[in-house]
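Labels below follow one simple rule: chain letters A, B, ... track the order of the sequence lines, proteins then strands, and each chain is numbered from 1. In this text the structure is predicted, and so the values were computed from the model without any measurement.
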Number of protein chains: 2
Amino acid sequence: MTTSRVTIKDVAARAGVSKGAVSLAFNHKPGLSEATRDRIFEAARELGWAPSTTARTLAGSRVDVVGLAICRPARLLGLEPFYMEFVSGVESVLIERSCSLLLRLVRSVEEEAGLLESWWRGRQVGGSILVDFRLDDPRVAAAERLGMPVVAVGHPSLTGSLTSVWTDDATAVTEAVRYLAALGHRRIARVGGAAALGHTATRTAAFDEAARALELAGAWQVTTDYSGESGARATRSLLTAAAPDRPTAIVYDNDIMAVAGLSVAAEMGLSVPADVSLLAWDDSQLCRLTRPTLSAMSHDVHGFGADVARTLFGVITGKGPGSHPVPTPVLTPRGSTAPPRV
Amino acid sequence: MTTSRVTIKDVAARAGVSKGAVSLAFNHKPGLSEATRDRIFEAARELGWAPSTTARTLAGSRVDVVGLAICRPARLLGLEPFYMEFVSGVESVLIERSCSLLLRLVRSVEEEAGLLESWWRGRQVGGSILVDFRLDDPRVAAAERLGMPVVAVGHPSLTGSLTSVWTDDATAVTEAVRYLAALGHRRIARVGGAAALGHTATRTAAFDEAARALELAGAWQVTTDYSGESGARATRSLLTAAAPDRPTAIVYDNDIMAVAGLSVAAEMGLSVPADVSLLAWDDSQLCRLTRPTLSAMSHDVHGFGADVARTLFGVITGKGPGSHPVPTPVLTPRGSTAPPRV
DNA sequence: CACACTCCCTAAACCGTTTCAGTCCAGTCA
DNA sequence: TGACTGGACTGAAACGGTTTAGGGAGTGTG
């Protein structure tokens with residue numbers, strides 16, 4: 001049984017002031033004596049009142065909701081530790097601005113572009129976070145046209161004039177390949193993520209370049225859908241070649257596929273790392289739970305999410321477009337990488 | 001460059017009707033001729049107008065947002081495939097009602113109870129989904145007091161008068177233990193989840209009861225925080241006992257801990273399933289990626305989320321409280337369970 | 001003493017919808 | 001013909017805040 005909703009008017013009456021005064025107090029704006037201010041807060045506390053964000057939004061002040069749409073098949077989403085960790089990072093900074101996160105799962109970037117427009121026109125969000133950029137992503141044009149504050153998580157080459165936050169995938173891939181080469185590997189493969197994704201293309205190009213620069217004897221790349229099954233299938237196909245033509249090291253684009261690869265190697269009677277070295281990406285707890293433990297290119301996804309959120313607030317408050325690189329993933333060697341058996 | 005926002009007034013003007021008429025048309029309410037209706041939609045299409053949800057909410061119609069607060073340490077969240085899959089199930093039904101999900105990570109259920117109140121008072125959400133019930137959970141009283149439409153994901157014994165959706169954990173645990181006993185195991189352990197959680201208590205009680213009923217020679221239970229590290233630690237401690245006193249089968253409360261357990265067994269030179277059988281819970285893709293593959297108590301988390309969302313809509317539209325069991329997890333035997341070595 | 005200048009605070013307009021009491025009009029019936 | 005009915009549509013009042021022009025009181029100045 002709720003008593004009829006308490007509004008700003010009740011608070012004003014109780015404090016013996018006008019609605020406007022209450023509004024000023026709650027927005028920490030000048031023009032009120034300290035005594036009045038206190039009286040207002042006291043009244044609000046007694047009545048258990050907090051301003052209605054809906055009314056506040058309608059009246060034209062800021063919108064304290066930020067949007068995040070994710071476009072991946074539901075089946076794969078659950079398994080990617082990345083997103084939840086990213087979201088928790090985003091939340092950590094939203095919370096201190098008392099903002100909320102509007103989360104939406106979509107089936108295509110086109111749908112997401114439409115969603116963005118309706119969010120923005122309907123003033124449902126004050127800004128949005130865009131992830132998983134494709135080449136020629138329609139969201140870039142949509143956000144630019146709407147003049148909507150967004151932060152694009154992806155390399156500036158993919159995100160047009162939008163403010164972007166990105167990890168240097170090219171350098172990370174290069175470092176991964178160099179590391180394996182330094183261990184003595186000459187035949188290296190990479191099991192990539194979704195081909196449609198921009199950062200997959202970046203990594204693919206960087207891998208090619210690194211392989212060329214190091215004059216590797218063999219370099220393979222395949223793209224997948226990030227699922228464990230795909231990772232297993234890709235690994236199986238890479239490892240069926242006879243020993244001299246087989247890769248001696250495989251780099252994966254996430255850790256799920258690396259775990260799957262580990263399992264396939266065992267199934268094929270190959271020992272890791274003696275017969276084949278495995279290197280994961282997006283280092284989550286999972287990499288420390290396997291036998292052997294998985295070496296990985298690890299980065300701080302939580303902190304990444306926080307950076308993105310902070311950058312979005314910058315854009316919302318009118319900061320011009322910019323490009324914000326975050327620290328490159330660093331190599332964390334564990335038990336799955338070693339020099340190849342001679 | 002956005003042109004000044006287009007509102008219902010513009011649409012009304014263009015269609016040559018009043019604002020009220022446009023409202024009627026867009027809410028599919030009677031009182032308008034077919035011709036007028038068409039004219040209105042046409043005008044709206046030309047202007048690219050959609051009603052502002054903010055104004056709509058303020059004007060007192062329904063709120064098309066549902067809340068979900070999750071209370072687990074950020075570090076663990078990322079790894080639990082459960083939540084993202086659950087969320088994707090929830091979304092699948094929200095989408096067809098064109099609703100959105102307001103997601104919030106909180107640090108305690110007390111904080112969540114407060115959040116619930118501010119969400120409800122501020123009309124930010126039309127209802128909420130409550131997960132991870134504790135014993136004597138403060139959210140029950142909060143939701144009851146506010147008269148807020150919520151669905152509680154948890155056993156009715158924990159959720160007071162709230163509408164609940166729940167899996168029959170007791171039966172599932174019993175089935176798991178029976179299965180292992182049927183294979184010939186007489187010494188069985190369980191590595192449970194967080195002790196504070198209601199369903200952990202349910203499972204613990206059911207395990208005790210099953211062990212008693214089957215007159216097992218040994219039964220162990222520990223609670224953890226669901227993390228891989230904890231799972232590993234618990235497993236290590238269970239398996240250090242000398243052979244005759246050691247459990248020959250271990251049941252885990254999620255799959256991350258089971259994976260960790262598998263790795264610990266290998267580290268201790270024990271073979272799975274010959275020396276020890278392992279049974280996971282919350283069957284995700286992960287269980288098929290290990291060597292051996294993990295047997296699990298599996299259930300359809302996506303469908304579960306969808307059920308919960310549908311139930312919430314029922315509550316929002318005034319359906320009285322109820323208790324909705326969903327299918328009990330079923331045993332999916334794979335490579336990690338077998339009769340004990342004699 | 002008149003004037004300007006501050007400082008607090010109020011009143012009213014406004015945000016973009018929904019809702020509801022009416023108005024208007026064509027049609028039916030006695 | 002006049003009374004009544006019902007359908008189509010309008011106008012204005014909410015909804016709960018923010019914003020801003022301006023009013024009144026107090027202080028310093030010439």
For this session: Taking side chain to side chain donor-acceptor pair (under 3.5 Å) as the test, write out the residues that go with A:S161, two or more places apart.
Result: A:E144
Exercise. Among pairs that include at least one residue of residues 34-50 of chain B, which meet side-chain hydrogen bond (donor to acceptor under 3.5 Å, both in side chains), considering only residues two or more places apart or in two chains?
Worked result: B:R14-B:E46, B:S33-B:T36, B:E42-B:R45
For this session: Would you kindly give the CD-to-P distance between B:Q124 and D:dG17, to the nearest whole Å?
Result: 12 Å
Problem set entry | Minimum side-chain heavy-atom gap A:T54-B:T54 below 4.5 Å | yes
Exercise. Which of residues 43-52 of chain B sit near DNA chain C, with a heavy atom under 4.0 Å from it?
Worked result: B:W49, B:A50, B:P51, B:S52
For this session: Hey, could you give me each pair passing salt bridge (Lys or Arg N to Asp or Glu O under 4.0 Å) that has a residue in residues 96-110 of chain B? Not counting sequence neighbours.
Result: none
For this session: May I have the distance from B:L58 (atom CG) to D:dA14 (atom C1'), rounded to whole angstrom?
Result: 9 Å
Problem set entry | Qualifying residues under side chain to side chain contact (heavy atoms under 4.5 Å, CB included), relative to A:T311, sequence neighbours excluded | A:V151, A:T163, A:V165, A:H324
Exercise. Any side-chain hydrogen bond (donor to acceptor under 3.5 Å, both in side chains) pairs touching residues 123-138 of chain B, not counting sequence neighbours?
Worked result: A:T53-B:Q124, B:R72-B:D132, B:Y83-B:D132, B:D137-B:R139
Seminar exercise, completed: Contacts of A:R310 meeting salt bridge (Lys or Arg N to Asp or Glu O under 4.0 Å) (sequence neighbours excluded), chain-then-number -> A:D307
Seminar exercise, completed: Per the under-4.0 Å heavy-atom filter, residues of residues 19-36 of chain B near DNA chain C come out as B:K19, B:G20, B:S23, B:N27, B:K29
For this session: Could you tell me which residues satisfy side chain to side chain contact (heavy atoms under 4.5 Å, CB included) with B:A59, sequence neighbours excluded, listed by chain and number?
Result: none
Problem set entry | Residue closer to the 5' end of DNA chain D, B:G16 versus A:A55 (nearest nucleotide) | B:G16
Exercise. With sugar-phosphate meaning primed atoms plus P, OP1 and OP2, does B:T7 contact a base, only sugar-phosphate, or nothing at under 4.0 Å between heavy atoms?
Worked result: sugar-phosphate
Exercise. Can you tell if the side chain of B:I8 reaches within under 4.5 Å of the side chain of B:R56, non-hydrogen atoms only?
Worked result: no
For this session: Keeping to residues at least two apart or across chains, list the ring-ring contact (aromatic ring centres under 6.0 Å, His included) pairs with something in residues 137-158 of chain A.
Result: A:H155-A:W166
Seminar exercise, completed: Here the distance between atom C1' of D:dA8 and atom CD1 of B:I40, to the nearest Å, is 11 Å
For this session: Give me the first and last nucleotide of DNA chain C, going 5' to 3', that has any atom under 4.0 Å from a heavy atom of chain B.
Result: C:dG16 to C:dT19
Exercise. What is the distance from CZ of B:R121 to C1' of D:dG17, rounded to the nearest Å?
Worked result: 16 Å
For this session: Hey, could you give me each pair passing ring-ring contact (aromatic ring centres under 6.0 Å, His included) that has a residue in residues 97-116 of chain A? Not counting sequence neighbours.
Result: none
